[in-house]
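The structure appears below as structure tokens.
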Amino acid sequence: MHRRGVGAGAIAKKKLAEMSKQLDMFKTNLEEFASKHKQEIRKNPEFRVQFQDMCATIGVDPLASGKGFWSEMLGVGDFYYELGVQIIEVCLALKHRNGGLITLEELHQQVLKGRGKFAQDVSQDDLIRAIKKLKALGTGFGIIPVGGTYLIQSVPAELNMDHTVVLQLAEKNGYVTVSEIKASLKWETERARQVLEHLLKEGLAWLDLQAPGEAHYWLPALFTDLYSQEITAEEAREALP
Amino acid sequence: MAMSFEWPWQYRFPPFFTLQPNVDTRQKQLAAWCSLVLSFCRLHKQSSMTVMEAQESPLFNNVKLQRSKGHLFLLPDSSLKYLWRKAEGRQQTEGKLPVESIQIVLEELRKKGNLEWLDKSKSSFLIMWRRPEEWGKLIYQWVSRSGQNNSVFTLYELTNGEDTEDEEFHGLDEATLLRALQALQQEHKAEIITVSDGRGVKFF
């Protein structure tokens with residue numbers, strides 16, 4: 001009778017044991033590293049990204065809630081928990097204006113404003129991680145990629161693929177029209193109209209009947225009203241490096 | 001005398017000048033319009049207006065409204081500015097709230113107690129950035145604080161006298177003042193009387 005034992009099965013087991021040992025070693029090293037660089041992790045956003053990428057490679061989630069080495073030793077959990085709370089505050093404060101949709105840029109700006117001069121620096125990457133956590137907790141948060149950035153959804157408005165793709169189209173000019181949708185997405189008029197009606201209904205878009213040509217649908221979330229000033233092409237050329 | 005009136009973000013938002021079809025959005029829009037009208041009139045010390053004036057006023061007409069999206073630039077002085085390119089052949093259409101919508105805003109203000117029509121045909125109105133009851137309260141507080149209950153004042157003394165220079169109601173227009181005093185009269189805190197050259201008020 002042939003004994004397959006010393007063959008495939010045993011080798012596989014051995015390999016697994018080795019890998020497991022390596023993984024444990026890796027984890028230990030990572031923990032050592034983390035505690036040595038605790039300050040750095042809290043203070044430096046770039047460092048945080050790299051650290052989290054390292055963790056992800058070995059399947060460790062430093063943001064896992066509750067007890068455990070990570071949240072207790074590092075307080076990394078606390079950092080993102082607090083950030084999550086701040087994000088919710090900002091979104092609630094601006095919801096009346098943008099219907100629960102905000103660009104990552106504006107969210108970042110507002111969060112930084114709220115933290116003041118002496119608080120730890122917070123990057124857009126930090127925001128995304130915190131929001132993903134919020135999402136996982138089922139708070140109605142969503143992340144919609146648009147034109148190179150993201151729209152953060154903070155109210156559980158029903159947004160399907162059609163809605164999302166129109167939002168992406170709107171990002172360019174801050175508004176969108178039926179013609180534009182038909183031209184870019186090759187949709188029928190009715191489909192375009194339905195999406196726009198839905199956005200109006202959810203309070204995410206406002207109607208503009210005074211625009212030249214046809215009705216424009218504007219998204220307050222995409223309407224940046226920071227320091228604004230009208231300049232000529234000449235002035236622009238002079239002002240910019 | 002425009003001074004540096006700070007227009008709210010909605011004023012630069014093109015759809016602000018279209019009455020919104022969505023009920024919740026419209027409520028927000030009307031609230032913003034009411035707020036804008038009151039702050040504008042307060043700053044410009046405007047206590048009455050005709051509907052025609054309103055139609056032509058920058059209040060309901062943003063001639064500099066932009067319908068193109070600006071871009072964010074980091075300037076050499078490290079300031080962040082949101083800029084538009086002018087004259088790129090793009091139509092600069094103004095934002096103009098149509099008169100029917102102006103009427104709706106005015107009706108909202110009337111319902112809130114900040115507006116009163118001055119004629120039956122609703123062509124001109126009194127605009128009070130503080131409701132008469134609120135003015136009445138302020139005036140009565142001043143009277144009590146300065147221990148002048150049971151004193152008699154001319155209307156002029158109240159709004160233009162030296163004693164009231166530091167008070168908010170100093171310089172208040174007569175029409176609004178009268179309504180404030182009428183509100184106090186209703187509460188039996190004052191009585192409007194005739195004095196030698198006009199009207200006055202006695203406080204209790």
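A note on names: the letters A, B, ... follow the listed sequences, proteins ahead of strands, and every chain is numbered from 1.
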**OP:** Scan residues 14-36 of chain B for pairs that pass side chain to side chain donor-acceptor pair (under 3.5 Å), counting only residues two or more places apart or in two chains.
**Re:**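 Those involving residues 14-36 of chain B are B:Asn22-B:Thr25.
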Assess whether atom [atom1] of [X] is packed by more than 12 heavy atoms of other residues, nucleotides or ligands within 6.0 Å.
X        : atom1 : result
B:Glu53  : CD    : yes
B:Glu165 : CD    : yes
A:Glu190 : CD    : yes
B:Phe169 : CZ    : yes

**OP:** Mind checking the CH2-CZ spacing from A:Trp218 to B:Phe16? Nearest 0.5 Å is all I need.
**Re:**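 Those atoms lie 15.0 Å apart.
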**OP:** Rounded to the nearest 0.5 Å, what's the gap from CZ on B:Phe13 to CZ on A:Arg97? Could you check?
**Re:**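 It comes to 8.5 Å.
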Subject >> A:Gln210 side chain to B:Pro14 backbone, donor-acceptor under 3.5 Å >> reply: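 Absent.
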Original post:
Quick one: what part of B:Pro21 sits under 4.5 Å from any heavy atom of chain A, side chain, backbone, both or neither?
Top reply: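 Side chain only.
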**OP:** Please report the shortest heavy-atom distance between A:Phe223 and B:Trp9, naming the atom on each side.
**Re:**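 The answer is CE2-O, 3.9 Å.
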Original post:
How about A:Leu207 and B:Pro15: do any of their side-chain heavy atoms sit closer than 4.5 Å?
Top reply: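 They are not in side-chain contact.
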